[in-house]
Visitor: 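Here it is, the structure, as structure tokens.
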Amino acid sequence: MNALLAASQLYRDRRDAGRQLAARLEELRADQPVVVGLPRGGVPVACEVAEVLDAPLDIMVVRKLGAPFQRELGVGAIAEDGVGVLNARLAQALHLTDAEVDDIVEREEAELERRVRRYRGDRAPLEVDGRLVVLVDDGIATGFTAMAGARALRKRGASRIVLAVPVGPPQVDERLGGEVDEVVCLESPPGFFAVGAYYEHFDQVSDEEVIDLLRPTPSSESRTAPEVDPPRAHGGLDWAQVTHREVAIPSEAGVVLPGDVRLPPGASGLVIFAHGSGSSRLSPRNVQVAAALGAAGFGTLLFDLLGEEEAADRRKVFDIPLLARRLVSATRWAKEDEELTALPIGYFGASTGAAAALCAAADLGGSIGAVVSRGGRPDLAAARLRDVSAPTLLIVGGADRAVIQLNQEAELALACLSKLVIVPGASHLFEEPGALEQVADYAADWFSEHLRTEQASTPR
């Protein structure tokens, strides 16, 4: 397998990434390929590739298989035509039974079929038997969805498959395990962070946009991307200037917690993330918010609240006092780190991690400049809410009614400056198009207002 890698670059949006990717693939035009995008994010990229190669555009619908207690943790993927990929080692490590895996597959198959009907309607997939297929996505993380899509295309008779992506981790070709014939990856940084970190605009793609891009025999006008608005006020960061360190944070009982520190030039503060139950420092949603905060001028620390063996113990996953102590340990570590010591510190907590953040903020008093909660469970920190002095922003999805009430009650219980913001139509995970971007904007504004250098005192 051949992996083609280019120098580091920042893409303005998926269309820009698609145009740059198409320039690398132009030599394939003579082979009359079929371009296939992985929805939803891969379709705008694939549309630009298809335009340059003068090739027909189709999709291959895939679905990640999320762990039952942590949907964002993928244990595999499924694609059309009954094709699937399972990470058996990870499933075993998570103690998933065959019945649990079957339930996950059944749930995602139903959603996959719904999306196939929505995206294609009555149209049949394009014929790929004996043809070159260029399989396109907006980036690769684990590679499971690309692998499932490639297997489905093989099943349909594709003679050669070129996987083309703007960004992916090092050795991305090895991750595909021989599933495709060639990988074209424009960006493969040693400190690969997250797909969204390499885009100026990385809003979620809607079903309607996918459907519009797939309309039969589209005119060149409909294929032409409209100019996007100028970058947001906190955009425009040159990511090549961001320093990245993988760190090890000592904690109680000899447990060492892995973490990732990223600092933009002249960082105005450090935001430490506390992820939700069963998640980790690799949580895609927290990673996306961290990228936006980096663009707003804040350093970020994402770390695992539990050690590898501890994370398998469901009691510890929901042990808020334990998680809060780990957050305090990470904070003290940051205040002793030469590069971070002068930075005021804020917390960003998601789900149960928000409860840990509030408890830790109560323990550390004025050492914490601000707290932001995303879809948080402040009720799990009810006994400590009166002790929180840091200005606290509570962000909840408008469709997450049970959690709205919990946050309303928490706002009344907090004695500090606090504010409750509801994102209309958003669910608990903020999966809806544009929802997580609103969370990031609210968080950036809150930290910009409340994190100041005079708050960078030593935690007691």
Side-chain angles (χ1 to χ4, degrees), residues 5 7-8 10 70 72-74 89-90 93 139-143 167-172 174-175 185 187-198 237-267 269-276 278-295 297-312 323 325-343 345-350 353 356-357 360:
L5 306 176
S8 176
L10 178 67
Q70 183 191 343
E72 55 196 27
L73 175 61
R89 181 178 298 179
L90 179 57
I140 282 184
T142 63
V167 63
Q171 289 82 48
V172 63
E174 295 179 11
R175 294 194 179 205
C185 182
E187 179 78 24
S188 187
F192 178 77
F193 185 35
V195 171
Y198 297 89
L237 176 68
D238 181 359
W239 284 94
Q241 297 179 19
V242 175
T243 62
H244 168 234
R245 280 191 294 149
E246 294 183 356
V247 299
I249 301 170
S251 186
E252 59 188 2
V255 176
V256 177
L257 307 171
D260 293 286
V261 172
R262 298 194 180 250
L263 280 180
L270 177 71
V271 179
I272 303 179
F273 281 67
H275 54 71
S279 189
S280 74
R281 71 187 189 282
L282 303 178
S283 161
R285 292 175 181 83
N286 281 351
V287 164
Q288 183 174 337
V289 173
L293 291 179
F298 294 100
T300 56
L301 167 59
L302 287 86
F303 75 105
D304 291 348
L305 291 167
L306 297 173
E308 187 174 347
E309 293 183 2
E310 292 177 320
L323 302 182
R325 291 197 300 272
R326 296 294 171 79
L327 193 52
V328 169
S329 295
T331 305
R332 289 179 170 148
W333 171 86
K335 296 307 300 181
E336 294 174 0
D337 183 84
E338 182 178 352
E339 190 177 29
L340 307 176
T341 185
L343 296 178
I345 291 177
Y347 288 155
F348 183 95

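Fair warning: this is a prediction, and the values are worked out from it, not measured in the lab.
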Visitor: Write down the atom of H275, the atom of F303, and the distance for their closest heavy-atom approach.
Guide: CD2-O, 3.5 Å
Visitor: Please report the shortest heavy-atom distance between F273 and N286, naming the atom on each side.
Guide: CE2-O, 3.6 Å
Visitor: State, with a plain yes or no, whether a side-chain heavy atom of V328 is found less than 4.5 Å away from one of R332.
Guide: yes
Visitor: Show your reasoning for whether side-chain contact (heavy atoms from CB on, under 4.5 Å) applies to I272 and T331.
Guide: CA-CA 8 Å; I272 303 179; T331 305; 3.8 Å; yes
Visitor: If you round to the nearest 0.5 Å, how far is CG of L301 from CG of L343?
Guide: 11.5 Å
Visitor: I need the I140 CD1 to C185 SG distance, nearest 0.5 Å.
Guide: 7.0 Å
Visitor: Using every non-hydrogen atom in the two residues, find where A290 and L302 come nearest and quote the distance to one decimal.
Guide: CB-CD1, 3.7 Å
Visitor: State which residues pass side-chain hydrogen bond (donor to acceptor under 3.5 Å, both in side chains) with E246; sequence neighbours excluded, sorted by chain then number.
Guide: none
Visitor: Would you find a donor on one side and an acceptor on the other, under 3.5 Å apart, between the side chain of D304 and the backbone of P258?
Guide: no
Visitor: Check this for me: does any side-chain nitrogen of one of R281 and D260 sit under 4.0 Å from a carboxylate oxygen of the other?
Guide: yes
Visitor: Please find the pair of heavy atoms, one from A274 and one from L327, that lie closest to each other, and give the distance.
Guide: CB-CD2, 4.1 Å
Visitor: To the nearest 0.5 Å, what is the distance between OG1 on T243 and CZ on R245?
Guide: 7.5 Å
Visitor: Hey, does V271 have a side-chain heavy atom less than 4.5 Å from the side chain of Y347?
Guide: no
Visitor: Pair L340, L263 - check side-chain contact (heavy atoms from CB on, under 4.5 Å), show working.
Guide: CA-CA 9 Å; L340 307 176; L263 280 180; 3.7 Å; yes
Visitor: Holding to side-chain hydrogen bond (donor to acceptor under 3.5 Å, both in side chains), I want the full list of residues that pass it with E336, two or more places apart in sequence or in another chain.
Guide: none
Visitor: Would you call the rings of F192 and Y198 parallel, tilted or perpendicular if under 30° counts as parallel and over 60° as perpendicular?
Guide: parallel
Visitor: Looking at P264 and F298, what are the two nearest heavy atoms and their distance?
Guide: CD-O, 3.5 Å
Visitor: Indicate whether the side chain of R262 and that of T300 have a donor and an acceptor atom separated by less than 3.5 Å.
Guide: no
Visitor: Please report the interatomic distance CG(L270) to NZ(K335), rounded to the nearest 0.5 Å.
Guide: 8.5 Å
Visitor: Quick check: closest heavy atoms across L305 and R326, and the distance to 0.1 Å?
Guide: O-NH1, 3.1 Å
Visitor: Check whether D337 reaches the backbone of E339 with its side chain - one donor and one acceptor, N or O, closer than 3.5 Å.
Guide: yes
